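Single-structure report; data block below.
Whatever order the structure lists them in is the order used to number ligands and atoms, beginning at 1. The structure displayed is predicted, hence computed values, not measured ones.
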Amino acid sequence: MKALLIVDLQNDFCPGGALPAPDGDQIVPVINSLMDRFELIVASKDWHPEASVHFAKWPVHCLHETTGAAFHPDLHTSKIDEVFLKGTGNRDDGYSAFEATNLNLNEYLSQHQVTSLYICGLTTEYCIKASARDARKAGFQTFVVEDAIKPVEQHLGDAQQAIQQMKTEGIQFIRSSEI
Ligand code: VGL
Ligand code: ZN
């Protein structure tokens with residue numbers, strides 16, 4: 001059984017948001033069509049409290065319950081089976097979807113007999129990387145959909161380095177047209 005994980009496709013990570021990935025919104029149509037090819041679709045949301053230590057490193061973004069933390073309005077959210085909230089504690093960066101606190105993603109996927117996880121969304125060098133590494137460590141066959149991710153590009157070269165690291169660790173890269 002395969003599943004699609006959509007990471008942090010939220011307003012604050014898209015152009016006009018608080019911590020935008022340049023062209024972050026351009027992957028929305030790619031992901032919408034990708035969703036037609038999966039029976040099980042899960043999504044993560046960055047979901048921070050105001051007092052989070054995370055904001056010592058980052059501009060304030062994805063405050064829980066705000067418009068910035070909402071999914072991009074064009075995303076076909078009715079097809080998402082479950083949403084996993086992460087970075088919810090004051091001392092918790094929560095880069096990985098596997099650190100969600102409302103529900104346990106690893107248990108959820110295992111209960112649904114998932115063996116292969118396809119990952120897309122934002123951002124390449126932070127939450128995609130952290131989620132893909134945790135997926136691999138948990139034993140899932142892990143694919144990153146390379147035309148359905150975007151970097152935040154805080155530091156030039158980090159995204160390319162992140163992709164190299166993921167490949168070294170056995171995470172596979174695939175184009176959406178190949179799924
Ligand atoms: C993310 C930076 C801070 C991400 C979240 O979703 O990649 N990046 N918080
Ligand atoms: Zn964050």
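No donor-acceptor distance shorter than 3.5 angstrom exists from the side chain of Arg133 to the backbone of Met166, with no hydrogens or angles considered.
Residue contact check: Asp8 has heavy atoms under 4.0 Å from atoms 4 (C), 6 (O) of ligand 1.
For Asp46, a nitrogen or oxygen atom sits less than 3.5 Å from a nitrogen or oxygen atom of ligand 1, counting backbone and side chain alike.
For the residue pair His72/Asn11, the side-chain donor-acceptor check at 3.5 Å is not satisfied. At a cut-off of 3.5 Å, with distance as the only test, a side-chain donor of His48 or His61 sits close to an acceptor on the other residue. No side-chain donor-acceptor contact under 3.5 Å links Ser52 and Asn90.
Between His61 and ligand 1 there is a heavy-atom distance shorter than 4.0 Å. In this structure, His54 has a heavy atom closer than 4.0 Å to ligand 1. Residue Val152 places every heavy atom at 4.0 Å or more from ligand 1.
Nearest protein neighbour of atom 8 (N) of ligand 1, counting heavy atoms only, is Tyr126 CB, 3.7 Å. Here the protein heavy atom with the shortest distance to atom 7 (O) of ligand 1 is Thr123 OG1, 2.6 Å. Counting protein heavy atoms only, atom 1 (C) of ligand 1 is closest to Cys127 SG, 3.4 Å.
Both tests hold for Lys2 against Phe38: distance to the six-membered ring centre under 6.0 Å, angle to the ring axis within 45°.
Of all the heavy atoms of Ile128, none lies under 4.0 Å from any atom of ligand 1, so neither backbone nor side chain is involved.
Closest N/O/S atom of His48 to the Zn ion (ligand 2): NE2.
For the atom pair CD of Glu178 and CG of Asp147, the computed distance is 8.5 Å after rounding to the nearest 0.5 Å. Of the inter-residue distances, the one linking Asp74 atom CG with Leu9 atom CG reads 9.5 Å to the nearest 0.5 angstrom.
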Go through the steps for Asp81 and Tyr108 under the test side chain to side chain contact (heavy atoms under 4.5 Å, CB included), then give the verdict.
-> CA-CA 11 Å; Asp81 294 295; Tyr108 180 92; 3.8 Å; yes
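With 2.8 Å as the limit, His61 counts as an N, O or S neighbour of the Zn ion (ligand 2).
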